[in-house]
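Notes for the one structure printed next.
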Amino acid sequence: MESLTEGDSHAIDDRYRAKPRGMMQLLVPQIPRLAKVILPNDEATRTRLQAQRIQAGIYAPSAMGLYLTAKLVLMTIPPVVGLVVAWFGWFNPAYAMLMGGAGGCAGMLMPSMWLAYYRAKRQRQLRTSLADFLDLMVTCLEGGVGMQAAISQVADELRTPHPILASELLVVLREVEVGRSIEVALAHLAERTGLEELRSLATFVQQAQRFGSTMADAMRE
């Protein structure tokens with residue numbers, strides 16, 4: 001078997017390293033298409049993401065842009081690193097590309113998993129506080145206090161043991177102060193938290209307003 005000359009060795013090495021370039025030529029035109037998949041451009045998807053963000057307790061207007069940017073960056077960096085490693089031959093090209101692709105998939109999922117975790121955690125905390133909230137509301141309403149005043153008193157009572165629900169009740173009060181009805185403000189609370197229990201509460205309060213039942217009965221139900 002003839003031995004390879006130094007020039008032949010360089011030629012083979014160059015061909016070996018040129019493979020990622022061909023892959024990059026295939027990948028680069030796909031970037032705009034990939035961005036459309038990652039960055040939602042339809043109203044339904046954006047609305048769903050906004051609802052999940054709010055239910056996680058993230059109200060900053062810039063949060064959605066930061067979330068999508070983090071998702072795009074975490075999805076893009078691992079494949080780029082894999083391409084660079086494969087291009088310079090620092091590691092086995094096939095393995096580098098495989099690890100880069102796997103890292104990109106993980107990076108794409110991580111922001112969604114993070115958002116789902118904080119959303120679920122916040123909902124657990126809110127559910128834990130609902131029993132105290134309802135007990136206090138029934139006590140206040142049976143004592144002759146109006147619905148708006150009862151919510152104000154209960155929010156103040158829950159400020160230390162259940163600060164998340166207390167802050168959400170203050171939002172309900174602000175909505176009532178600007179002219180929204182109690183049932184609408186409670187329906188908005190249910191949307192912000194994503195809790196079925198609060199949706200049921202808003203429905204009971206609406207029925208109480210319609211049929212003349214007492215608010216204490218609605219809370220008790």
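This structure is a prediction, so every number in the text was calculated from the model and none was measured. Worth knowing before you read on, the calculation uses all heavy atoms, side chains too, and leaves out hydrogens, waters and symmetry mates.
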Exercise: do Gln55 and Arg119 side chains pair donor with acceptor under 3.5 Å:
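Distance-only check passes for Gln55 and Arg119.
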Taking Thr76 for its side chain and Val73 for its backbone only, find out whether a donor-acceptor pair lies under 3.5 Å.
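Checked: no pair found.
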Side chain Arg53, main chain Tyr67, donor-acceptor under 3.5 Å
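Here the side-chain-to-backbone pair does not exist.
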Would you kindly confirm whether [X] and [Y] end up in one hydrophobic cluster when ILVMFWY residues are joined by side chain heavy atoms under 4.5 Å apart?
{"X": "Leu170", "Y": "Ile164", "value": "yes"}
{"X": "Val184", "Y": "Leu173", "value": "no"}
{"X": "Val145", "Y": "Leu141", "value": "no"}
{"X": "Ile54", "Y": "Leu126", "value": "no"}
{"X": "Ile182", "Y": "Val154", "value": "yes"}

Taking the side chain as every heavy atom from C-beta outward, state whether [X] and [Y] have any pair of such atoms under 4.5 Å apart.
{"X": "His162", "Y": "Gln125", "answer": "no"}
{"X": "Pro111", "Y": "Leu74", "answer": "yes"}
{"X": "Met137", "Y": "Met147", "answer": "yes"}
{"X": "Ile77", "Y": "Val80", "answer": "no"}
{"X": "Gln153", "Y": "Asp156", "answer": "no"}
{"X": "Leu201", "Y": "Phe133", "answer": "yes"}
{"X": "Arg180", "Y": "Val178", "answer": "yes"}
{"X": "Ile151", "Y": "Val176", "answer": "no"}

Carboxylate-amine/guanidinium contact Arg199 Glu196, below 4.0 Å
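Yes, Arg199 and Glu196 are salt-bridged.
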Between Ile58 and Tyr118, is a side chain to side chain contact (heavy atoms under 4.5 Å, CB included) present by the stated rule, with each step listed?
CA-CA 9 Å; Ile58 305 171; Tyr118 277 96; 5.7 Å; no
Can you tell me how far [atom2] of [Y] sits from [atom1] of [X], rounded to the nearest 0.5 angstrom?
{"X": "Gln207", "Y": "Glu183", "atom1": "CD", "atom2": "CD", "value": "11.5 Å"}
{"X": "Asp135", "Y": "Glu157", "atom1": "CG", "atom2": "CD", "value": "12.5 Å"}
{"X": "Leu165", "Y": "Asp132", "atom1": "CG", "atom2": "CG", "value": "9.5 Å"}
{"X": "Arg124", "Y": "Arg122", "atom1": "CZ", "atom2": "CZ", "value": "13.0 Å"}
{"X": "Ser112", "Y": "Lys71", "atom1": "OG", "atom2": "NZ", "value": "3.5 Å"}

From CA spacing to verdict: side chain to side chain contact (heavy atoms under 4.5 Å, CB included), Met110, Met75
CA-CA 9 Å; Met110 281 175 60; Met75 184 202 69; over 6 Å; no
Take Leu186 and Glu191, measure what side chain to side chain contact (heavy atoms under 4.5 Å, CB included) needs, and give me the verdict at the end.
CA-CA 9 Å; Leu186 288 175; Glu191 292 175 4; over 6 Å; no
So Arg192 and Leu189, side chain to side chain contact (heavy atoms under 4.5 Å, CB included) or not? Walk me through it.
CA-CA 5 Å; Arg192 289 196 307 274; Leu189 172 63; 3.6 Å; yes
List the atom of Pro78, the atom of Gly104, and the distance in Å for their closest heavy-atom pair.
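Reported closest heavy-atom pair: CB-N, 3.5 Å.
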